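Before any comments, here is the structure.
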Amino acid sequence: MEGVNQLKNQKYAADIDSIKEAHTRISPFIHKTPVLSSTSLDSISGKQLFFKCECFQKGGAFKIRGASNAIFSLEDDQAAKGVVTHSSGNHAAAISLAAKLRGIPAYVVIPKNAPACKVENVRRYGGQVIWSEATMQSRESTATAVQQRTGANLIHPFNDKRIISGQGTISLELLEQVPDLDTIIVPISGGGLISGITLAAKSINPSIRVLAAEPMGADDAARSKLFGRLITLSDTNTIADGLRAFLGDLTWPVVRDLVDDVVVLDENEIIKAMRLCYEVLKLAVEPSGAIGLAAILSDQCKQKSYWKDMRKIAIVLSGGNVDLGVLWESLK
């Protein structure tokens, strides 16, 4: 109930109105992704699971929602200068695709350790790749230099109200497809996805539970929730390359106030979930996308006080841009 009151009384970066406006704006440019279920995974988990398949989204991940909302929100004179962003992959590809759809240039700063398949997606969609070092500081400083040189509009990968509103459109679809959910499990990194999903879902159903799934090697959100203040890490180490960013000043308040818990998973749990997605759901899901399934299957989750109250659970499979070479090696 406390979270419900905060949703009513606090001012967050997005709200149900901005999310509905985003859905109207981006509907011509995205897929309404399906929800799949599996009696086998229901049996394994002991719960009724519903998989929101953003791996089938344009660009192979949910990121096109926020990217298209941001780019199609620009006035024509702004858009003519193009857009610039920094990303390890999926946001980069989404910005490139949305920019291509609008007919404007996209300058994309990518760290040198980004998966090859995601870099190829950027190039496929016409984005201009600019390399940076793997640190967030290098990514951000390189993007700023490109912005100053080109005059392009900077679109942050998660700490942007247009991005948050776009990602929140997942909840509008999901709660129409499965109205009586009691829990949604969402991967967490910079927090744009979970912030949008949480703000929309709790506006529609204030009693719904939203859980974040996070890798142990990049557990800043769990630490931030534990200590009640925004914490960043000096380094990250996880196979889930899409979950290496840290919460921003727009996403942290939503996570702090409204996300019910953060479940932290080790690498083996994530890899096991990827394998189940492939073998049971017949889906190629990247590590960052499979982590929600890892959460519901984990011993940690089963020990939570809310476990007994979880019955109908949605898991957001956030993306399917998996580097198959890395997948095969991890399965070995």
Side-chain angles (χ1 to χ4, degrees), residues 13 22 26 29-30 54-55 57-74 82-102 104-132 134 136 138-140 142-144 146-147 152-170 186-197 218 236 240-248 250-251 286-289 316 318-323:
I26 71 177
F29 310 108
I30 66 166
E54 287 297 291
C55 49
Q57 187 55 263
K58 289 185 179 180
F62 73 95
K63 292 284 192 176
I64 189 64
R65 295 176 182 269
S68 56
N69 189 48
I71 285 177
F72 284 92
S73 296
L74 295 172
V83 291
V84 59
T85 195
H86 60 84
S87 167
S88 64
N90 284 337
H91 175 74
I95 287 291
S96 300
L97 176 56
K100 181 179 180 180
L101 291 171
R102 184 146 188 193
I104 62 174
Y107 308 97
V108 184
V109 175
I110 300 181
K112 292 177 180 178
N113 63 346
C117 65
K118 295 185 178 182
V119 178
E120 185 56 35
N121 282 344
V122 172
R123 290 181 168 139
R124 184 180 297 117
Y125 298 133
Q128 300 182 39
V129 174
I130 300 102
W131 295 105
S132 76
M136 185 60 68
S138 176
R139 286 167 49 165
E140 291 179 343
T142 305
T144 299
V146 173
Q147 182 185 26
N153 299 271
L154 180 64
I155 300 179
H156 196 278
F158 52 85
N159 207 44
D160 183 306
K161 62 182 181 181
R162 301 164 299 180
I163 295 293
I164 295 169
S165 296
Q167 319 307 28
T169 60
I170 290 174
V186 188
I188 191 167
S189 181
L193 175 62
I194 199 167
S195 293
I197 284 177
T236 59
D241 62 274
L243 303 182
R244 294 173 182 160
F246 305 134
L247 297 169
L250 298 183
T251 57
E286 63 190 88
S288 306
V316 179
S318 56
N321 293 314
V322 59
D323 188 325

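Just so it is clear, the structure is predicted and the values come from calculations on it, not from any experiment.
Residues Tyr107 and Ile130 meet the side-chain proximity criterion, which asks for heavy atoms closer than 4.5 Å. The shortest side-chain heavy-atom distance between Val146 and Gln128 does not fall under the 4.5 Å cut-off. Put simply, the side chain of Thr85 reaches to within 4.5 Å of the side chain of Pro157, judged on heavy atoms. Between Thr236 and Phe246, the closest side-chain pair of non-hydrogen atoms falls below 4.5 Å. A heavy-atom distance below 4.5 Å is not found between the side chains of Ser87 and Ile95. Within the 4.5 Å cutoff, side-chain heavy atoms of Thr251 are placed close to those of Asn159. With a 4.5 Å cut-off on side-chain heavy atoms, Phe62 and Ile170 count as touching.
Contact detail for Ala245 and Ser189: the closest heavy-atom pair is N-OG, 3.1 Å. Listed here is the closest heavy atom pair of Gln57 and Ile64: CG-CG2, 3.3 Å. The two residues Gly191 and Leu247 come nearest to each other via the heavy atoms CA-CD2, 3.8 Å. The nearest pair of heavy atoms linking Gly127 to Val108 is CA-CG2, 4.5 Å. The shortest heavy-atom contact between Ser73 and Arg162 is CB-CD, 4.3 Å. The two residues Ala93 and Val122 make their nearest non-hydrogen contact at N-CG2, 3.6 Å.
Residues passing the side-chain contact (heavy atoms from CB on, under 4.5 Å) test with Ser165 are Ala14, Ser18, Ile19, Ala22, Asn69, sequence neighbours excluded. In this structure Phe158 satisfies the ring-ring contact (aromatic ring centres under 6.0 Å, His included) test together with His156, sequence neighbours excluded.
Open room surrounds NZ on Lys161; 12 or fewer heavy atoms of other groups in view lie less than 6.0 Å from it.
Checking Thr169 against Arg65 by side-chain atom types alone, a donor-acceptor pair falls below 3.5 Å. Residues His86 and Ser132 bring no donor and acceptor atom of their side chains to less than 3.5 Å of each other.
A donor-acceptor pair is defined here as one N or O able to donate and one able to accept, closer than 3.5 Å; such a pair exists between the side chain of Ser288 and the backbone of Gly242. The main-chain N or O of Ile71 is found under 3.5 Å from a side-chain atom of Arg102 such that the two form a donor-acceptor pair. Judged by distance alone, with hydrogens and angles left aside, the side-chain atoms of Asn153 form a donor-acceptor pair with the main-chain N or O of Gly82 at under 3.5 Å. Remark: side-chain polar atoms of Ser195 are not paired, donor with acceptor, to backbone N or O of Gly192 under 3.5 angstrom. A donor-acceptor contact shorter than 3.5 Å is absent between the side chain of Ser68 and the backbone of Ile26.
Note that the CG atom of Asn90 and the CG atom of Asn321 stand 4.5 Å from one another [nearest 0.5 Å]. Interatomic distance, CZ of Arg123 versus OG of Ser96, reported as 11.0 Å (0.5 Å rounding). In this structure, the separation between CG on Leu250 and CD1 on Ile163 is 11.5 Å, given to the nearest 0.5 Å. Atom CZ of Phe29 sits about 10.5 Å away from atom CG of Leu97, to the nearest 0.5 Å.
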(request) Decide yes or no on side-chain contact (heavy atoms from CB on, under 4.5 Å) for Gln167 and Val186, but give the supporting numbers first. (result) CA-CA 11 Å; Gln167 319 307 28; Val186 188; over 6 Å; no
